[in-house]
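In what follows, a structure is listed as structure tokens, so that the remarks can point back to it.
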Amino acid sequence: MADRDFHDTPSPGTDRGAERGAAPGAEPEGQLEREAERRRRRAQFLRDLAEARQLRDRVQPRRAKTARLRHAMRMRTFRW
């Protein structure tokens, strides 16, 4: 089948797996800086997202209350 030949091509993240087998200090310094910058941006994004959710909950209290009740109902009916 022609639509299945995508399985033969490696995914973009597979080349990072080879580096994990190397010594922990073997990563280039530029890659470490890039990773640190990515983590900083991600942390900032998550802070902004949490702030936006808090603002939405303050602005729309009825919707926030129904969301809390819905979540509580889901947790009550969830089987462990």
Side-chain angles (χ1 to χ4, degrees):
M1 294 173 133
D3 59 346
R4 290 191 180 245
D5 47 345
F6 68 89
H7 289 294
D8 297 333
T9 59
S11 64
T14 55
D15 56 308
R16 284 188 283 169
E19 295 172 359
R20 288 196 177 112
E27 294 184 4
E29 188 175 325
Q31 185 177 357
L32 292 175
E33 290 174 3
R34 214 170 35 235
E35 189 71 19
E37 178 61 29
R38 186 188 71 81
R39 285 192 180 118
R40 274 194 293 276
R41 282 184 286 133
R42 183 175 187 272
Q44 181 63 44
F45 170 76
L46 292 175
R47 280 193 297 269
D48 291 345
L49 184 63
E51 183 180 346
R53 284 181 177 154
Q54 289 174 352
L55 176 64
R56 186 186 62 203
D57 290 348
R58 274 199 314 270
V59 172
Q60 300 174 337
R62 186 181 303 166
R63 183 174 290 180
K65 181 180 179 184
T66 57
R68 275 194 313 272
L69 291 173
R70 237 182 259 121
H71 179 71
M73 182 62 73
R74 275 196 313 269
M75 295 308 287
R76 255 184 263 133
T77 58
F78 183 77
R79 294 189 184 268
W80 296 95

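Predicted model, so just to flag it, every value in this text is computed and none were measured.
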Checklist entry - Between Lys65 and Arg68, is any pair of side-chain heavy atoms under 4.5 Å apart? => result yes
Checklist entry - Do other residues, nucleotides or ligands put more than 12 heavy atoms under 6.0 Å from Gln44 CD? => result yes
Checklist outcome for this item: Joining Ile, Leu, Val, Met, Phe, Trp and Tyr whenever any side-chain heavy atoms lie under 4.5 Å apart, the cluster holding Leu46 also takes in Phe45, Leu49
Checklist entry - If you round to the nearest 0.5 Å, how far is CE of Met73 from OG1 of Thr66? => result 12.5 Å
Checklist entry - Should Arg34 and Gln31 be marked as a side chain to side chain donor-acceptor pair (under 3.5 Å) after you check the CA-CA gap, both sets of side-chain angles, and the distance that decides it? => result CA-CA 5 Å; Arg34 214 170 35 235; Gln31 185 177 357; 4.9 Å; no
Next on the checklist: Checking Arg42 against Arg39 for the side chain to side chain contact (heavy atoms under 4.5 Å, CB included) test, could you report, in this order, the C-alpha distance in whole Å, the side-chain angles of both residues, the deciding distance, and whether it holds?
Outcome noted: CA-CA 5 Å; Arg42 183 175 187 272; Arg39 285 192 180 118; 5.6 Å; no
Next on the checklist: Any heavy-atom pair between the side chains of Glu33 and Glu29 that's under 4.5 Å?
Outcome noted: yes
